[in-house]
Amino acid sequence: MSSFNAVRVRADIPALTRHINGRPITYLDSGASSLPPRSVIEAMDEYYRLRHANVHRGVYQTANEATDAYEGARAAVAQFLNAPGGAEGVVFTKNCTEAFNLLAKSWGVANLKDGDVVLLSEMEHHANIVPWFQLRESIALDIRFIPVTDDYELDLSNIQELLQGVKLLSLTAMSNVLGTINPVKDLAALAHAHGALVAIDASQSVGHMPTNLVDLDIDFMMFSGHKMLGPTGIGVFWTRPEILATMPPFLGGGGMIADVRTDGYTPATGFTRFEAGTPMIAEAVGLHAAIRYLEGLGLDNVHAHDQSLTVDAISRINHQFSGRVRIIGPTAHAQRGGVLSLDVEGVHPHDIAQVLDEIGVCVRPGHHCAKPLMRRFGLAATARASFGPYSLTLDTDVLLEGLQRAITFFG
Amino acid sequence: MSSFNAVRVRADIPALTRHINGRPITYLDSGASSLPPRSVIEAMDEYYRLRHANVHRGVYQTANEATDAYEGARAAVAQFLNAPGGAEGVVFTKNCTEAFNLLAKSWGVANLKDGDVVLLSEMEHHANIVPWFQLRESIALDIRFIPVTDDYELDLSNIQELLQGVKLLSLTAMSNVLGTINPVKDLAALAHAHGALVAIDASQSVGHMPTNLVDLDIDFMMFSGHKMLGPTGIGVFWTRPEILATMPPFLGGGGMIADVRTDGYTPATGFTRFEAGTPMIAEAVGLHAAIRYLEGLGLDNVHAHDQSLTVDAISRINHQFSGRVRIIGPTAHAQRGGVLSLDVEGVHPHDIAQVLDEIGVCVRPGHHCAKPLMRRFGLAATARASFGPYSLTLDTDVLLEGLQRAITFFG
Amino acid sequence: MSNLEELYKEIILDHYRTPRNRGELPPPASKTEGFNPLCGDELTVYLDVTDGVVSDIKITGHGCSISQASSSLMSVAVKGKTLAEVSEVLSKFKNMMTLEGEVVDLNDPSNREVLRSLGELAALQGVAKFPVRIKCATLAWNTLSQGLEEN
Amino acid sequence: MSNLEELYKEIILDHYRTPRNRGELPPPASKTEGFNPLCGDELTVYLDVTDGVVSDIKITGHGCSISQASSSLMSVAVKGKTLAEVSEVLSKFKNMMTLEGEVVDLNDPSNREVLRSLGELAALQGVAKFPVRIKCATLAWNTLSQGLEEN
Ligand SMILES: Cc1ncc(COP(=O)(O)O)c(C=O)c1O
Ligand SMILES: Cc1ncc(COP(=O)(O)O)c(C=O)c1O
């Protein structure tokens, strides 16, 4: 971890200079959205100040520069993921959610039929649930859920049976509620052995640990820029170029066509087919800068940093509030990310978050877009603290101070 | 026009300080994408530096600020358009193209059936054509086109007949190729009298002339932020709240739900139903700043400015290159916007654009995502120059210099 | 008084810790469910309306201190009241809440009058300073409105 | 030499103004269509291949000076050549074009050799400096490739 220094990262994040209610901000909501470093903000700023133009069809210099910037971002994403087939399989979307809709409504519509099984898990985000329910309105899909154990992990005891007849396993790499990191590579191999394709929701993992698509050997991946130090308004859908080539168009309009007549149209080939309309150019530039920044930190370092903060926070919470504060997520081992869902006996997550706000601590109360998981554990909400590469044990100190206040306040 | 001064506007646009091949940039591609003023860039910058957080579910201060900024942008859009029903009918999309897909695949799927007629025009952008062809793959729609006259206007001689059985008239307010401004209000009244609803593509008009939805009395409007001095990655879909309430969900995921269970989901109501996933927060902030900036200029002033530049450019082109350079668009009257499609005898638009680039002039060669219109006039491409509020007659001077060069060069 | 103390007045904490009128009512009492999709708060309001009077009210559900206290305070405020009185208190309460984000100017005599007439309910006035919490405070009241409409 | 003159060399302008081998060939000549969706350029390549030799070639279509000149130059370069020779010139040309954006280093003897062997075609080398125009220059060649494959 020699090259990684969270204090130095912190100095790169303008939003961490904020003071809230007289206290420096303690940002513990990176699981919802991360704070971009100066280099990301400045890259977009510079783009708008110098070279903004619409992409792809220009001949003049700034249009070429904008196109190079946009396509350069695509190449950077491919390299960042070590994507088989390179940039050809990278489609830019507005967020991870659109990427899942593209999966369900393009690949899914073309490849799934009545009775086919899609296997999800009980710890999925709504982004990886609702599009499948929507698809079921036209195709009689059998949507199954891998259960979650009382230890907050996938219950794989029945996995062979669950995988019978499965066409697609669509699974999160890391739960945004529990912090659980799932055994993606092993499950992908198992699913492939059953003839299924594998889609991975990397929203929580891609900015926090290394991703290597060649090694994982999966078929689809989707995530958002704003959870990996990048801007809002951009997400990524990745698939193998061979699969992409077979997918029918999704959103229609300019840019995704080869020809349009008054009697019909011919779609373009490759990723172009899936990028209708003027794309998120500045956002791609910002995402590229975020990737550069993360690569500079080293994703291994970021992951180790998350884990050390998490292990420390768990042991301090257990020590200081034993019995009173329950951590909804695995606590016993290192196979988890820096997401801590808290359940404080007798104090509602909203009230926790409110008391924490008073001293500048940002945590998120709610169901975290994972209602099936909340139901599984009989909870309506948790208060979730989550770390970023700029987080310090100092942040945990203030979190604990706030939890103590809330407990005292509500008695 | 007392308050409007294009030279002062120009000073607000950082990208206009660029030099290309030793010449100051002559940006004549606002029809493809406009250049944002400093205030737009800085608003987004400030957002990321001070208050970035995910919206809607936070309790802490910056989450509230981000939510207020996002919802404030929605309110500003509604006010800008004088939208009946206020902010309730405003849905943010990634671009105008997504907005058209929302129209076709939510409203269209729910309201159109086999044999129903959708009436477009021959001068539509692919964004208002391809989604209807896509919809026709599942509903046997009758898609008709209002023809365009040799004078580059809608041919309304047969409009009564064309409107028979029409469920939706979907039309551009201003052609991005011809500059033609269509009589939206009159056509909307006529279409309503035939029982049709009316959707208007305001991509080219909304940043260039006043829009008043109460006065226009239409049912849907869609446009992009990046053509109205705003950022990339955001668009607007507007409809009356009563209509919105009847539209089924489109993209599915977090944020657009009221409940999700393992056996199904319940969508949220209102605009929330159509905003799946983390929205374009910074982009909404940028769009809001663009609206403020445009309101400061006065849209009447912007329109008058466009028109005076256009009238001047047309007369100078006709005078200097009579016979050699043809303007593909109306030339005789003032009912047009600042878009000039040029067809230079014996010189291909690509070559024009290349020669113009040599002296820093940015024009766009190509079919401008309006292939049916190009076919109508037997053209493969035009070289399009288009004005923004920062354009000056000086820009026309350099354009003419470049056209002369191109003609000399290619003989 | 800190912001927090203004939000969580003693009365609110008291009603949160010891909610009044908790429980269910058997039919023919009406039963109305309300929920806040953003935070997962859920509650059910049981209403017995006899001869134009809310003769009994009971509430179940879960939520934050504000939503719980607000529903408890609401139950006390409407129990035994005529429908006309209930509708008056409902509109007064909603008025107080829609001052979104603004601090109620207590020097304005008409505001003082409204707050006084709200009695204990006025304790919830601090919520208006926290726009995201307004939905918590109004959940019970919206559910009550709906229940009365259906009645 | 200005950028423009480097792109639009005299040979290119000449082939643009006076395109060689313009027109159609009747069957049994093969007919292959190519188009560039981004800019609308379209062309059709007619090929007569007899005894392993491109005995005749004709081209119709429209496009910019680069695509027109390139197709004309291409027709001259392949007419009367054996399939083996054609495939060699094809790959040399594509190599020259894929130096995207880089200026060919003419001091490098192997580059000089390739360019010399390309003859007039080397005039198109300036296009590689203008990445968006590469598609214009390669359209005819890609269509030729496709036509030969189908033959
Ligand atoms: C008239 C018109 N409609 C629709 C669009 C599509 O806008 P976008 O590409 O931002 O989705 C454009 C711009 O390209 C346009 O000019
Ligand atoms: C695991 C997971 N999947 C999907 C999403 C959806 O991402 P977005 O809201 O950016 O589309 C999120 C974040 O909210 C997430 O945490």
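Note on naming: letters A, B, ... go to the chains in the order of the sequence lines (proteins, then strands), and numbering restarts at 1 for each one. If you're wondering where the values come from, they're calculated on a predicted model, not measured in any experiment.
Q354(B) and E358(B) form no side-chain donor-acceptor contact under 3.5 Å, judged by distance and modelled atom types alone. T278(B) and N95(A) share no donor-acceptor pair across their side chains, judged by distance under 3.5 Å alone. Side-chain contact, T266(B) with R261(B): a donor N or O sits under 3.5 Å from an acceptor N or O.
Classification of D142(A) and R136(A) as a salt-bridged pair fails, no side-chain N sitting under 4.0 Å from a carboxylate O.
Proximity to chain A (any heavy atom under 4.5 Å) is shown, for E46(B), by neither the backbone nor the side chain. For chain A, no part of E275(B) is nearby; none of its heavy atoms comes within less than 4.5 Å. Within the 4.5 angstrom heavy-atom criterion, no atom of R144(B) approaches chain A. Neither the backbone nor the side chain of E124(B) comes within contact range of chain A; no heavy atoms are under 4.5 Å apart. For C362(B), the parts lying near chain A are the backbone and the side chain together; criterion is any non-hydrogen pair under 4.5 Å. Only the backbone of P279(B) comes within contact range of chain A, with heavy atoms under 4.5 Å apart. At a 4.5 Å heavy-atom cutoff, M374(A) makes no contact with chain B through either its backbone or its side chain. Contact of F250(A) with chain B is made through backbone and side chain together, with heavy-atom distances under 4.5 Å. Both the backbone and the side chain of Y48(B) come within contact range of chain A, each with at least one heavy atom under 4.5 Å from a heavy atom of that chain. Only the side chain of N101(B) comes within contact range of chain A, judged by heavy atoms closer than 4.5 Å. When heavy atoms are compared at a cutoff of 4.5 Å, V355(B) does not approach chain A at all. If you measure heavy-atom distances from D263(B) to chain A, the contacts under 4.5 Å come from the backbone alone. Heavy-atom distances place no part of S224(B) under 4.5 Å from chain A, backbone and side chain included. Heavy atoms closer than 4.5 Å to chain A are found in the side chain of H125(B), but not in its backbone. Both the backbone and the side chain of D45(B) come within contact range of chain A, judged by heavy atoms closer than 4.5 Å.
Across V398(A) and R23(A), no two heavy atoms sit closer than the pair CG1-NH2, 3.6 Å.
Rounding to the nearest 0.5 angstrom, the gap separating the OG atom in S121(B) from the CZ atom in R376(B) is 11.5 Å.
The backbone N or O of V260(A) lies less than 3.5 Å from a partner atom in the side chain of R375(B), making a donor-acceptor pair.
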